[in-house]
Amino acid sequence: MTQTVANANAPVLRVEGLTTSFRIDGRWTPVVRDLSFEVRAGETMAIVGESGSGKSVTSLSIMRLLAARSSRIEGSVQLAGRELTTLSDKEMVSVRGRDIGMIFQEPMTSLNPIFTVGRQISESLVRHRNLSQREARAETLRLLDRVRIPDAQSRIDAYPHQFSGGMRQRVMIAMALASKPKLLIADEPTTALDVTIQGQILDLIKDLQAEETMGVLFITHDMGVVAEIADRTLVMRRGVAVEQGETAEIFHHARHPYTRALLAALPRLGEMRGTSGPRPLPIIDPDTGVAMPSGSVSETVDKSQSPILAVRDLVTRFPVFGGIFGQQVGTVHAVEGVSFELAQGETLALVGESGCGKSTTGRSVARLIQPTSGFVGLDGYDVLRLKPLDLRRLRRSVQMIFQDPFSSLNPRMTVGASVAEPITTHKLAGSREARDKAADLLERVGLHASMMNRYPHEFSGGQRQRIAIARALALDPKVIIADESVSALDVSIKAQVCNLLMELQESLKIAFLFISHDMAIVERISHRVAVMYLGEIVEIGPRDAVFSNPQHPYTQRLLAAVPVADPARRGIRRDGGERELTSPIRPLDYVPPKRTYRTVGDRHFVQNEG
Amino acid sequence: MTTLLARRLLLAVPTLLIISMFVFLLQKLLPGDPVLVMAGEDRDPAVLELLRAKYHLNDPLPLQYLAWLVNALHGDLGISLRTNQPVLALIVEKLPVTLQLAIMAMTFALLIGIPLGVLAAVKRNTLIDYIVSLIALAGLSVPNFWLGIMLILVVSVKLGWLPASGYQPFSVDPLISLKTMLMPAFVLGNALAASIMRHTRSAMIGVLSSDYIRTARAKGLTEREVVLSHAFRNALVPIITLGALLFGELLAGAVLTEQIFTIPGFGKLIVDAVFNRDYAVVQGVVLCTAVGFISLNLLADVMAVLLNPRLRASL
């Protein structure tokens, strides 16, 4: 781990002139071009890049896991001096898993659902270390202990679906490390995990690496993660390495404009301290390195009027069925006693980890799902008591933007028709007028009116999200619920879309309910923040107050877990607990406790524990 | 596991009740008064009334249904109008014949369909895949009766290898029994094999592109282990469900196949019964088939759960 160890060792992995091509429509198209780098023993090398940069293809090329008939690898890949590209398939099989271990992004789907985790780990041991079934089981137990899975003895015979995402990733790590590989390839291992779990997994990888002195090739899109884990960093763009070097060098003295653009677009937790309103992110042109004016936004919150959205004691529960007769056996308390207000022109961020009820809250407010009880007042409507016809009218006041820009647009409708559709279905204008308005809206979100007749597949993810925003704006809503709307986007695109949202708020005085798990983005974009945990708001207040003076232990934990894009913090360890989010599923006779809140500062409230 | 079994069994009860109602009503919906048939030439209203009373035909329909259901549950499915034998006895006599045919046909279908499907998936988009798919298409397209007649012509008439028709109970002479059933079972299983092959192929292709197969490869397992142990067991679940559903098709096919090879089985029984308006027999056969079909699907569900631990969790 230390610099001296890293320098003293010969490279574990040496990649030289790696070019990987895919056969697309009968032609060989290179997706990774002339890539060269090294990973030394005990060292962590990060490959960072946005989607389509070729970083994952690189890792699969090293493992030779790409389909042989549709891909071609040129150049040299040497593992501890042994050339891998020329090995026979049979020889390569015994390199995989024995000399190189690999963990993947999706812990939920990367384990075989029909085998116990114990079997899946011991399989590797039997294969590579020639252990008997009995020895393999004993060793598997030891491995499960080492990746800090609590109560390994009773968990070894459990199936993957009985584990949470974080625990499955631990199982993957145990499996990858089973035969003490020289190199561990971690392909976005924490991307699909909640931020507190991500912190735990990063810590675990660091600890294990220190014990084994293996080389780690860490592939990620997240500069924050890079800063925290990598000794050296390689930045990839469109299949080419644009820059590589010591991580601190890259962060502080990036030479390539693209690297600078990536770093500039990255919101850093804490940099908004002492300010109250949102501030656009700086954007740097990735080709020229020229900074575009990002400016600031003026005050948009209108406190003089009554809030546009008021939620009081909102409760949404879902029944859980089971047993012989399929009767109700429990209740998911998805949202429990949630209250907040949102002023015109204000952005309230709902933050929390998966399963905390933030999305359910958003959907309940728009009545896309039927809440159990409570009050929602939105633009003069008593939302929960609306008749079907009035519910349609409500939709003019509140619109939603979802996470996945790929599945939230109808692939068979032109984007112009998609944007114009809400206007015509609500009979606000004729079809010609609606088209004109759609054209205006597309311009407004930074696209061209001439793109109206194209179909969604002709657009990139960021452009599609802009189209979804244009569609949401079509009815001139007062409130937009943005449910993880920028989470699936690449860093630079994310910054642009966030800036667009702030700009629209400034000009149209829209109120945003911004649902997100990304604390750094939330810090940039919101006026106020509500932290949710197990269906309840545990802390709510002005953004600066919550971020710089978090009171609830969960808020503190959440903020501490966010990777900070500062290489100086690389050594840090978190509390190291194997804490898991507990479940909001309760027995039928469960009565939620009465919660009380205490006032910390101006409009800053914290739930009392107990 | 027991909870699941209990739940599925409970669900089967209303299904069976609904089927039994349909079967019962079938008889009532048909034109003609059974009393008139029974009375023959004697149209004396008093006699007719007596007959109606005797057979409870004046009772309200639900009561008649209940009486019929209670009898059916006791194994009394009525008397065949044509042969005057109890329907149950007819079924018990013919069922083993068709059962043997069905089991042999299904065995054929699985033995041919699954390995070919796996092979086509592994060799996807290669010549092997195309050839296998072509065979499957041919199997689906060739009509049963044509294949049956051709086989009789070539294998029995020209070559004289296998008997062209007839039936020998398995218990009497297993070898001859198997020999006579071989061709019909092949004819019947052939189209099923094609379906099973296509489904196995697509299930395997789906599984082979999943993340956990990539994990298995990254772990250094050989391609053989990856395909047979990690992929195949996952692909098996939809295949089993399909197999159980195809059983219905199998019975429909059996009607025709038994006619071609003159096998005295279930199919022949129901065809004869329909042509002779022997409604009691039709009712009995339909009821019996439905029970068989439901049990088989129950079995498939249980097997799917045994293979897939995720389903066990949702109990």
Side-chain angles (χ1 to χ4, degrees), chain A residues 59-60 63-67 69-70 89-90 92-116 119-121 123-128 157-162 168 171-172 175-176 178-179 181 185 187 320-327 329, chain B residues 1-14 122-129 205-238 240 303-315:
Chain A
S59 69
L60 293 173
M63 285 290 262
R64 285 178 49 191
L65 279 175
L66 296 163
R69 292 193 316 127
S70 58
D89 285 344
K90 209 175 157 197
M92 193 59 211
V93 162
S94 56
V95 170
R96 285 186 208 125
R98 194 187 68 191
D99 299 329
I100 311 178
M102 191 158 180
I103 42 181
F104 298 97
Q105 173 171 359
E106 279 299 334
M108 303 317 262
T109 54
S110 290
L111 289 166
N112 194 330
I114 60 168
F115 295 133
T116 63
R119 183 191 150 156
Q120 295 189 57
I121 297 171
E123 197 172 34
S124 188
L125 293 164
V126 173
R127 171 98 180 80
H128 296 297
D157 292 319
Y159 289 91
H161 69 263
Q162 295 164 312
R168 287 190 216 190
V171 171
M172 282 295 289
M175 204 155 82
S179 52
I185 300 179
D187 189 350
V320 179
F321 297 103
I324 296 184
F325 299 101
Q327 71 273 34
V329 292
Chain B
M1 195 62 221
T2 32
T3 329
L4 172 95
L5 207 62
R7 197 151 85 190
R8 291 297 158 105
L9 276 172
L10 273 176
L11 270 177
V13 172
V122 171
K123 304 279 179 193
R124 189 183 171 193
N125 293 339
T126 64
L127 192 64
I128 295 177
D129 182 18
I205 285 176
V207 171
L208 281 172
S209 64
S210 61
D211 288 347
Y212 54 83
I213 292 302
R214 187 183 56 186
T215 307
R217 292 205 174 105
K219 173 149 77 155
L221 299 184
T222 59
E223 200 53 28
R224 202 188 152 78
E225 289 170 302
V226 170
V227 171
L228 294 185
S229 132
H230 277 255
F232 181 61
R233 269 192 60 182
N234 275 288
L236 207 54
V237 177
I240 287 173
M303 276 170 78
V305 170
L306 283 179
L307 279 169
N308 189 344
R310 270 173 304 184
L311 294 177
R312 265 175 261 166
S314 63
L315 301 183

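Lettering of chains follows the sequences in order, A, B, ..., and the numbering in each one begins at 1.
B/E223 does not touch chain A: none of its heavy atoms, backbone or side chain, sits under 4.5 Å away. Heavy atoms of A/M92 lying under 4.5 Å from chain B are absent altogether. Both the backbone and the side chain of A/I114 come within contact range of chain B, with heavy atoms under 4.5 Å apart. Of the atoms belonging to A/T109, heavy atoms from both backbone and side chain fall under 4.5 Å from chain B.
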query = What do the steps show when you test A/L60 against B/R214 for side-chain contact (heavy atoms from CB on, under 4.5 Å), and what is the final call?
reply = CA-CA 10 Å; A/L60 293 173; B/R214 187 183 56 186; 4.2 Å; yes

request  = Test side-chain contact (heavy atoms from CB on, under 4.5 Å) on A/N112 and B/R233 and set out the steps.
outcome  = CA-CA 10 Å; A/N112 194 330; B/R233 269 192 60 182; over 6 Å; no

query = What do the steps show when you test A/Q120 against B/T215 for side-chain contact (heavy atoms from CB on, under 4.5 Å), and what is the final call?
reply = CA-CA 10 Å; A/Q120 295 189 57; B/T215 307; 5.8 Å; no

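Taking B/L9, B/T222, B/L11, B/V237 one by one and counting their heavy-atom pairs under 4.5 Å with chain A, the maximum is reached by B/T222. The residue among A/E106, A/M102, A/M175, A/R127 with the most heavy atom pairs within less than 4.5 Å of chain B is A/R127.
Considering only heavy atoms from C-beta on, B/N125 comes within 4.5 Å of A/R69 through its side chain.
The two residues A/P113 and B/P309 come nearest to each other via the heavy atoms O-CG, 3.1 Å.
Residues passing the salt bridge (Lys or Arg N to Asp or Glu O under 4.0 Å) test with A/R98: none are found, sequence neighbours excluded. In this view, A/E123 and B/K219, B/H230 satisfy the side chain to side chain donor-acceptor pair (under 3.5 Å) rule, not counting sequence neighbours.
Here the CG atom belonging to B/N234 is positioned 7.0 Å from the CZ atom belonging to A/F115, to the nearest 0.5 angstrom.
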